[in-house]
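The structure appears right after this line, and notes come after that.
Note that the structure is a prediction, hence the values are computed from the model and not measured. No hydrogens, no waters, no symmetry mates; every other heavy atom, side chains included, goes into these values. Atoms within a ligand are numbered from 1 in the order they appear, just like the ligands themselves.
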Amino acid sequence: MTPAKIRARIAGTGLYVPPKVLKNKDLEQFMDTSDEWIRQRSGIEERHVIEPGVGTSDLAVESARQALAAANCTPESIDLIIVATLSPDHQFPGTSAIVQQKLGLETTPAMDLRCQCSGFIYSLNVAKLFIESGQYKRVLVIGAEAHSPLLDWTTRGRDVAVLFGDGAGSVVLEATEDNTGVGAVTLHAQGQFADRLWIEKPGTSKGVWMTDEDVQQGKLYPIMEGRYVFKHAVERLAQVVREVLEKEGRTIDSIDHFIFHQANIRINEKVAELLQIPAHKVHNNIQKYGNCSAASIPMLLDETIRQGKIARGQTMLMAAFGAGFTWAAAIVTY
Ligand code: ACO
């Protein structure tokens, strides 16, 4: 008899956002913007931001504790920690090492994965392969971002700053022999477009970490060609959804829930329209949190599960697009 195939199932999820809320109207104190502009262009109404003294790892740990509680397991039972983030506590070591220590663990392996808004789906794929290969039984996957210290909160940076928020989402994945868990995954990247959405400095490119000129020119802040990114996001998301469905021989109708990255509600509406996905199957929470990059998908997943909208045995499709460019999709049965 051939042994049953091992799969990686979602045992528990968690979400954490810092308590401080900035409503669109509050941003008018720092920059020339308006609630109407932000709401109409992106769907965002408010976002959570950290206070001084709190970092990405703190958000990650809080969401991880919730996921561990939901999975009914201890930090010690985790075989590997993966943290996806574009806003690490430090350049090195990775934020995952800090999270490991804050969870009270001594030598559990921990790695960072840097694929921006697609980082959670890339991490899910890495965790799935570790579990399916039999190397590990339980993996903690975290998407966590503290964007607010990275943003230019003046009119110069308004096209990017108003879109982002701070938060973290976690998932405990564990080995199962039933038919649930992470199924087909599709990953892509196209570095040709790296400078359309990036933070250029500090960094080792051109042999200089950072100059005074870089600081004056605002190279420490994210730059985004908004319209260009929007167009690519819609095209690539629609493509990758079709691709991952085909990989598993499925159709849109056989998917119960669509958990898309939360960059702009208009992007998700366009993708749903192109693919004729019924609106009630597409979940969004960008209104409350803004774009939380690698954290957006696990945050939305946790919230949708806790609201009782996703039941055990139902199937969801996750898809993301972000800086790199990177894009990815996964089919997961809860
Ligand atoms: N408030 C008021 N006015 C603003 C603001 C603001 N916050 N930001 C820009 N404007 C102005 C612009 O200066 C411009 O003025 P002008 O016409 O006088 O030049 C005008 O508003 C229109 O700007 P556009 O950039 O053309 O606005 P658009 O309709 O394209 O919306 C947006 C901008 C929301 C950024 C959109 O392009 C978008 O969502 N892009 C994709 C975002 C995304 O998907 N990011 C990827 C993930 S992020 C990641 O991976 C890290």
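Residue contacts with ligand 1 for Tyr228 are absent, since no atom lies close enough (heavy atoms, distance under 4.0 Å). At a 4.0 Å heavy-atom cut-off, ligand 1 does not touch Val160 at all.
Judged by the shortest distance from any of its heavy atoms, Met224 lies inside the 4.0 Å radius around the atoms of ligand 1.
In summary, the atoms of ligand 1 found under 4.0 Å from a heavy atom of Val162, numbered by their order in the structure, are 7 (N). Listed by atom number, the atoms of ligand 1 under 4.0 Å from Ala323 heavy atoms are 49 (C), 50 (O). Remark: ligand 1 atoms within the under-4.0 Å shell around heavy atoms of Leu163 are 35 (C). Less than 4.0 angstrom separates some heavy atom of Ile267 from each of these atoms of ligand 1: 44 (O). Of all the atoms in ligand 1, the ones that sit under 4.0 Å from a non-hydrogen atom of Leu197 are 46 (C), 48 (S), 49 (C), 50 (O). Proximity to Gly322 (heavy-atom distance under 4.0 Å) selects the following atoms of ligand 1: 50 (O). Which parts of ligand 1 touch Asp159 is read off a 4.0 Å heavy-atom cut-off, strictly below it: atoms 8 (N), 9 (C).
Protein heavy atoms are found inside the 4.0 Å sphere centred on atom 21 (O) of ligand 1. Distances from atom 45 (N) of ligand 1 to the protein include at least one heavy-atom value under 4.0 Å. Note that atom 17 (O) of ligand 1 has no protein non-hydrogen atoms nearby, at separations under 4.0 angstrom.
For the residue pair Asn284 / Gln262, a side-chain donor-acceptor distance below 3.5 Å is found, with atom types taken as modelled. There is no side-chain donor-acceptor pair under 3.5 Å between Asn264 and Ser42. Side-chain contact of Glu174 with Tyr136: a donor-acceptor pair under 3.5 Å is absent, judged by distance alone. Checked by atom type, the side-chain pair Arg236/Gln190 shows a donor-acceptor distance below 3.5 Å. Residues Thr333 and Thr315 have side chains that bring a donor and an acceptor to within less than 3.5 angstrom of each other.
If you check which protein heavy atom lies closest to atom 31 (O) of ligand 1, you get Arg41 CD, 3.5 Å. Given atom 43 (C) of ligand 1, the protein heavy atom at minimum distance is Val229 CG1, 3.6 Å. Taking atom 1 (N) of ligand 1 as the reference point, the nearest protein heavy-atom neighbour is Thr33 OG1, 2.7 Å. Among protein heavy atoms, the minimum distance from atom 14 (C) of ligand 1 is reached at Arg158 NH2, 5.0 Å. Here the heavy atom of the protein found nearest to atom 49 (C) of ligand 1 is Cys117 SG, 2.9 Å. The protein non-hydrogen atom at the shortest distance from atom 10 (N) of ligand 1 is Trp37 CZ2, 3.4 Å. Here the protein heavy atom with the shortest distance to atom 41 (C) of ligand 1 is Gly226 O, 3.6 Å. Regarding atom 24 (P) of ligand 1, its nearest protein heavy-atom neighbour is Arg227 NE, 4.0 Å.
Aromatic ring orientation, Phe164 versus His147: perpendicular (interplanar angle above 60°, classes split at 30° and 60°).
Of the possible donor and acceptor atoms, one in the side chain of Asp58 sits under 3.5 Å from a partner among the backbone N and O of Gly55. Distance alone, capped at 3.5 Å, is enough to place a donor-acceptor pair between the Lys201 side chain and the Gly203 backbone.
Taking every heavy atom of both residues into account, Gly119 and Leu113 meet most closely at O-CD2, 4.0 Å.
Counting heavy atoms only, Asn291 comes closest to atom 47 (C) of ligand 1 of the residues Asn264, Ile199, Asn291.
When side chains are defined from C-beta on, Leu237 does not count as touching Lys270, because their heavy atoms never get closer than 4.5 Å. Put simply, the side chain of Ile199 does not reach to within 4.5 Å of the side chain of Tyr221, judged on heavy atoms. Contact check for Asn125 versus Leu187: side-chain heavy atoms found under the 4.5 Å cut-off. The shortest distance between side-chain heavy atoms of Val215 and Met210 falls below 4.5 Å.
None of His280, Gln314, Lys281, Lys309 except one satisfies the side chain to side chain donor-acceptor pair (under 3.5 Å) rule with His257; the exception is Gln314.
The shortest N or O to N or O distance between Ala263 and ligand 1 is not under 3.5 Å.
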